[in-house]
Chemist: 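Got a structure for you, written out below as structure tokens; questions coming shortly.
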Amino acid sequence: MQKWVCDVCGYVYDPQVGDPDSGIDPGTAWEDVPDEWECPECFVGKDEFSPLDD
Amino acid sequence: MNTAVFTGIDWVGYVDWNVRDFHGYDTPRGSTYNAYLLQDEHTALVDTVKAPHAERLLANVSGLTDLDSIEYVICNHAEPDHASGLGRVMQACPRAKVVCTEKCRATLSGYQDTSAWQFHIVGTGDSLSLGARSLAFLSTPMVHWPESMMTYCPEEKLLFSQDGFGQHYASTGRFDDQEPLETVMWEAKTYYANIIMWAGKPIGKALEAASQLDIDVIAPAHGVIWRSHPSTIIQAYKDWILCKAQPKVLVVYDSMWDSTGRMAEAILEGAGQEGVSAKLLSIRNSSITLLATEVLDAAAIAFGSPTLNSTLMPQMAAVLTYLKGLRPAGKAGFAFGSYGWMPGGPVAVDEYIKQMKFELLREPLTTQWKPTEQVLQECREAGEILAERALKAGCAQDT
């Protein structure tokens, strides 16, 4: 599953891990993460993220 | 006056006895901008000072070495209180290269004309040999800006922690064992609460990375250097990243004709139980700086405002906006206040508390015009709920 990286702080959203502290279960694809979700490290929105090429 | 930290490593910064307002943060004890000179085969300067004091920094450095011997200026953080002096330093030190992260170069370029500067870009795992000593770099994004890093000298087990572990505290002593520790810890707590409380997760990551290093001395960018008590400040940070609560209750309020004030006093009365520290804080005479510091380790907080022009009082809106931005974690509380014909004030306070993700202990406690004895009794009971919550936090602390 495609990972996404925060352009501001470098946090990586890994769909296999999700973001359980914010109610995003492991296995949640980026497209299914709600629009109002914030980067857990710097709090910017999804629009500040880019696809991460491993 | 320069101060040796180790042989060949000197503090060369500026003690700002006069600063009282640090972008809205009250600094009754002034501050310092710490810069450090490492003399070696290749001489390096770690950070600079705020631009108006750059000549003092250059004079300090000149007292120890020629300015054209500076080969590296490490920039751990691009914020102007540390990096605005870079312009003058780069002018005066013709051989110097700026050593920083890629994001730091971009941020510096957003503030200053860096076109003539040479850069040496670094990240986690990179190092620089100065001769007898070396420097290793640790990128620490969001501690407290995206571009931030820390620098470590393994030969001396010395961490240049930039704003981390810092205090806005001007003093003649440069070290933690030369100043009253209680005062220094208060200023460190105030700094944490007001500048970086929101960054608990990234700070936790940085602490973990730092725990892999052998650290004897921590040299921050503001305040005293931790050479005798580094484990004290590290342990404090471990508590603060969790906003670890003491058994403490706050009643924070504004009032127009003392009705909300009377409610606040009654809540305080109820909260003043055995084993609980309860404080009444009118925002009319408590700075946002103090409020943030008190909120950091409070367990339960009641916020009160009457209604003014259909909503909460503007200074309370300022307080709540500020606290919301700092993201205090794991707190509980409720809203209260009196009103004339619309409960918009207390309702707006309640909305802020929800946005701050507090555990809401009850619906807004409101009254019209002036609280009756029945309403005051309800306030005392609400205070008791705050105290109960605070005692639970205190117990959790002991386990």
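Hydrogens, waters and symmetry mates play no part in the numbers below; they use all other heavy atoms, side chains included. Letters A, B, ... are given to chains in the order of the sequence lines, protein chains preceding strands, and every chain is numbered from 1.
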Chemist: Would you say that more than 12 heavy atoms from the other residues, nucleotides or ligands in this model lie under 6.0 Å from the CD of A:Glu38, or not?
Modeler: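 Result for CD/A:Glu38: enclosed.
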Chemist: Between B:Pro202, B:Gly200, B:Ser148, B:Ser139, which residue shows the highest count of heavy-atom pairs closer than 4.5 Å to chain A?
Modeler: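 Ranked by contacts with chain A, first place is B:Pro202.
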Chemist: Could you tell me whether B:Gln355 atom CD has more than 12 heavy atoms of other residues or ligands within 6.0 Å of it?
Modeler: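 Atom CD in B:Gln355 is packed in, count exceeds 12.
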Chemist: Measure across A:Val8 and B:Lys103 and return the closest heavy-atom pair with its distance rounded to 0.1 Å.
Modeler: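 Closest heavy-atom pair between A:Val8 and B:Lys103: O-CE, 3.3 Å.
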Chemist: So which heavy atom on A:Glu41 is nearest to which on B:Trp198, and how close?
Modeler: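 Closest approach of A:Glu41 to B:Trp198: O-CZ3, 4.1 Å.
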Chemist: With a 4.5 angstrom heavy-atom cut-off, is it the side chain or the backbone of B:Trp145 that approaches chain A, or both, or neither?
Modeler: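 Neither part.
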Chemist: Any chance you could lay out the side-chain contact (heavy atoms from CB on, under 4.5 Å) test for A:Tyr11 and B:Met142, step after step, and finish with the verdict?
Modeler: CA-CA 10 Å; A:Tyr11 165 82; B:Met142 305 323 291; over 6 Å; no
Chemist: Calculate, to the nearest 0.5 Å, the distance between atoms CD and SG belonging to B:Glu147 and A:Cys9 respectively.
Modeler: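 One finds 12.5 Å between CD of B:Glu147 and SG of A:Cys9.
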